[in-house]
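Taking it in order: structure first as structure tokens, then the write-up.
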Amino acid sequence: MTDTAIGRRGLMALAAGGLAAPHVANAQAAWPNRPITLVVGFPPGGQTDFAARVVQNGLQAALGQPVAIDNRGGAGGNLGTEAVLRARPDGYTLLAGNASPMAINPHTMGPLAFDPLQMTPIGMMLQSSLILCVHPSVPARNVREFIDWVRPQGGRVNYGSASAGSLSHTAMELLRMRAAPLQMEHVPYRGSGPAMQDFIAGRFSAMFDGASVVAPFLQSGQLRGILATGANRSPAFPDIQTSAEQGLQDFTFTAWIGLYGPPGLPPEIVARANAALNQALADPATRERMTSRGDEPGGGTPQQLADITRRDHATWGQVVRNANIRAE
């Protein structure tokens, strides 16, 4: 066996064992040295797309490279999530992911072709309370009055959702669990837009959705907000009390958008991307764009995003099993 053969086999063994060759390590240290793709698993115009676009310029400035948004809608965010999960862990393909593909879909859609918990958390982009809204015809100004109004009606009250298995659906099912017995009939839609139109028309009585989604309807008086699910009141609706303030136990959660990388993303890249995200979120204009819609700027550490991802994965999994929820 020649020295050349030994050298070649040695390099192959290093690669197979997951140890980076010198040129790979140098590439990681220089990250990023070319444009980055930020995948959004939903069409343009929604909250996840908004989160990606509102931090796009800040990320580009902090990293010194272009950041291109790639909308890959489909299957409740699963298509975009799977694309990033299968991407090379080199930091050039990242994901703006929300609770649907990361924490809910694995329970409502049966066995998936991927495990979203294998993704590498980088940092929180934004969070938003869900607001429990009622039609103005409903005689309730808070969640206790709403529960007291629903209970005597024996299931004749309808509630809407953006879709079966969505966060707006599972949130109402969690309320029914916390306030049991609370019989209501679910009316699923294909998106928040169609649901809101029927909601305003009075075709159902109540619905949860993100603060930024319901904002124009609350501001116009077409709907009434009676509960915010976050730990703090929504910045856009400071008069709407949180669940804790109204005495509803174990009902604090948010709609959130996180920045993730593929499995095995090197710690050096995670740290740099996290620092860039926090820098982008510190910009006053960026924060104003978020809070004016009722969203709360994210930030923090990768571990904090990992914790909320796993927590909500467990929470919504339990709700889905108890309510026997299946996505349509």
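Below, each value reflects all heavy atoms present in this structure, side chains not excepted, and no hydrogens, waters or symmetry copies.
Under the 3.5 Å distance criterion, with hydrogens and angles disregarded, no donor-acceptor pair is assigned to the side chains of Thr81 and Tyr260. Side chain to side chain, Asp209 and Ser168 fail the donor-acceptor criterion of an N or O pair below 3.5 Å. A side-chain donor-acceptor contact under 3.5 Å links Tyr159 and Glu173. Side-chain N/O atoms of Gln303 and Thr301 include no donor and acceptor closer than 3.5 Å. Under 3.5 Å, the side chains of Ser100 and Asn105 contain no donor-acceptor pair of N or O atoms. Side chains of Gln47 and Asp295: a donor on one and an acceptor on the other come within 3.5 Å. Under 3.5 Å, the side chains of Ser161 and His186 contain a donor-acceptor pair of N or O atoms.
Counting only heavy atoms from C-beta outward, the side chains of Val39 and Ile69 never approach each other to under 4.5 Å. Taking the side chain as every heavy atom from C-beta outward, Trp31 and Arg272 approach each other to under 4.5 Å. Put simply, the side chain of Thr37 does not reach to within 4.5 Å of the side chain of Leu94, judged on heavy atoms. A 4.5 Å side-chain heavy-atom check between Asn71 and Phe42 finds every atom pair outside the cut-off. Between Phe208 and Val214, every side-chain heavy-atom pair lies at or beyond the 4.5 Å cut-off. The shortest side-chain heavy-atom distance between Ile104 and Met109 does not fall under the 4.5 Å cut-off. Residues Leu167 and Asn98 fail the side-chain proximity criterion, which asks for heavy atoms closer than 4.5 Å. In this structure the side chain of Thr252 never reaches within 4.5 angstrom of the side chain of Thr229, judged on heavy atoms.
Nearest heavy-atom pair across Thr254 and Gly230 is CG2-CA, 4.1 Å. Nearest heavy atom pair, residue Pro262 against residue Ala87, reads CB-O, 3.6 Å. In terms of heavy atoms, Thr242 sits closest to Asn232 at CG2-C, 3.6 Å. Here the closest heavy-atom approach between residue Phe237 and residue Ala211 is recorded as CE1-O, 3.9 Å. Closest non-hydrogen pair, Gly221 versus Pro136, comes out as O-CG, 3.8 Å.
At most 12 heavy atoms of other shown residues, nucleotides or ligands fall within 6.0 angstrom of atom CD in Gln183. Summarising the local packing, CZ of Arg310 is surrounded by 12 or fewer heavy atoms from other residues, nucleotides or ligands at distances under 6.0 Å.
Contacts of Asp70 classified as salt bridge (charged side-chain N to carboxylate O under 4.0 Å, His left out), with partners at least two apart in sequence or in another chain: Arg72.
Between Arg287 and Asp283 there is no salt bridge, since no side-chain N of the basic residue sits under 4.0 Å from a carboxylate O of the acidic one.
The cationic group of Arg86 does not satisfy the cation-pi geometry with Phe114, failing either the under 6.0 Å distance to the six-membered ring centre or the 45° limit from the ring axis.
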